[in-house]
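Just below is one structure, and these are the notes that go with it.
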Amino acid sequence: MLEPRLVQTTFFKNVLEALSDLFIEAHFEFSRTGLELQAIDTSRVALVALVLRAEAFNHYLCDRGLSMGLNLADMAKAFRCANNDDIITIKAEEDWTDTVTFTFESPEDGEILEFDFDFVGSNGVPLEIPEYQESEYQAIVRMPSAKFMRICKKLSSFGDSGDRDPVVIISVYKERVRSFARGKTGTSTTVCLQTQTVDKPKEPTLIEMKEEVSLIFDLKYMNSFSKASTLSDQVTINLSSELPAVFECKIAELGYIRYYISPRKE
Amino acid sequence: GAKQGSIMSFFKKP
């Protein structure tokens with residue numbers, strides 16, 4: 001029997017809430033070194049990769065590898081029933097049946113909650129993702145995640161363009177990043193300049209530009225990532241017209257969540 | 001605009 005135990009219920013609640021809008025199924029892999037999750041959206045434009053090393057958990061035990069495809073919406077629903085301080089135990093039988101059991105144990109209430117999830121397909125993941133070098137990107141933008149969330153919210157104001165999915169154009173030029181969305185009844189633009197002020201030294205917006213770049217993204221991907229970005233203080237956006245764009249938030253040196261989005265030039 | 005390709009074309013199956 002394989003039996004990882006962990007206590008990051010709140011963290012997983014937030015991850016599942018952020019991902020389950022866009023990604024239906026995910027591939028989970030628990031190993032001695034930690035958890036790796038990958039999911040791809042149904043239009044196969046975006047891939048999310050979550051890596052969380054074992055040290056990121058208060059308590060993590062996993063003697064042997066355990067990997068499976070699971071439905072994210074079902075998991076989000078199950079996690080909504082759990083308390084934030086529950087201990088989670090994940091069990092799968094050695095003879096490899098096609099279900100996994102998540103047990104939520106509340107030490108305070110003396111309550112145990114058990115969910116069995118059937119394995120599902122995982123839509124083509126996991127994939128081998130190369131580590132791209134920063135120098136391969138035309139521009140890299142770093143900003144506080146709160147600022148990124150504000151921008152996404154503003155872009156959504158005119159985001160509903162009717163029959164087509166609303167899109168956002170992100171352009172980097174002259175040390176500034178411009179985000180533009182066109183809706184049915186108007187447009188919304190935000191321009192961010194590089195900032196590194198003395199009063200907020202920990203919250204700079206940094207723009208590294210090798211050359212100008214302009215890319216189009218469906219607003220839904222930006223909105224989903226902005227939800228996931230609550231897990232970190234800062235976001236990094238790597239832009240290239242030849243490589244997948246990467247929206248990344250690091251989780252306190254113990255892992256990361258990355259959205260890879262297929263490039264679409266303006 | 002240019003057609004958006006599948007994200008899978010950038011990554012290999014392990």
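Chain letters run A, B, ... following the sequence lines, proteins first, then strands; residues in each count from 1.
Contacts from residues 132-140 of chain A to chain B, taken as heavy-atom pairs separated by less than 4.5 Å, involve Tyr132(A) in sequence order. Within residues 241-249 of chain A, the residues having any heavy atom under 4.5 Å from a heavy atom of chain B are, by residue number, Glu242(A), Leu243(A), Pro244(A). The contact list for residues 37-48 of chain A toward chain B, using heavy atoms and a distance under 4.5 Å, reads Ile40(A), Arg44(A), Val45(A), Ala46(A), Leu47(A) by residue number.
Taking a 6.0 Å sphere around NZ of Lys153(A), one finds it holds 12 or fewer heavy atoms contributed by other residues, nucleotides or ligands.
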Please tabulate, for side-chain N and O atoms in residues 6-14 of chain B, each donor-acceptor pair with protein atoms closer than 3.5 Å (sequence neighbours left out).
| unit_1 | atom_1 | unit_2 | atom_2 | d |
| --- | --- | --- | --- | --- |
| Ser6(B) | OG | Met8(B) | N | 3.0 |
| Ser9(B) | OG | Ser6(B) | O | 2.7 |
| Lys13(B) | NZ | Gly124(A) | O | 3.0 |

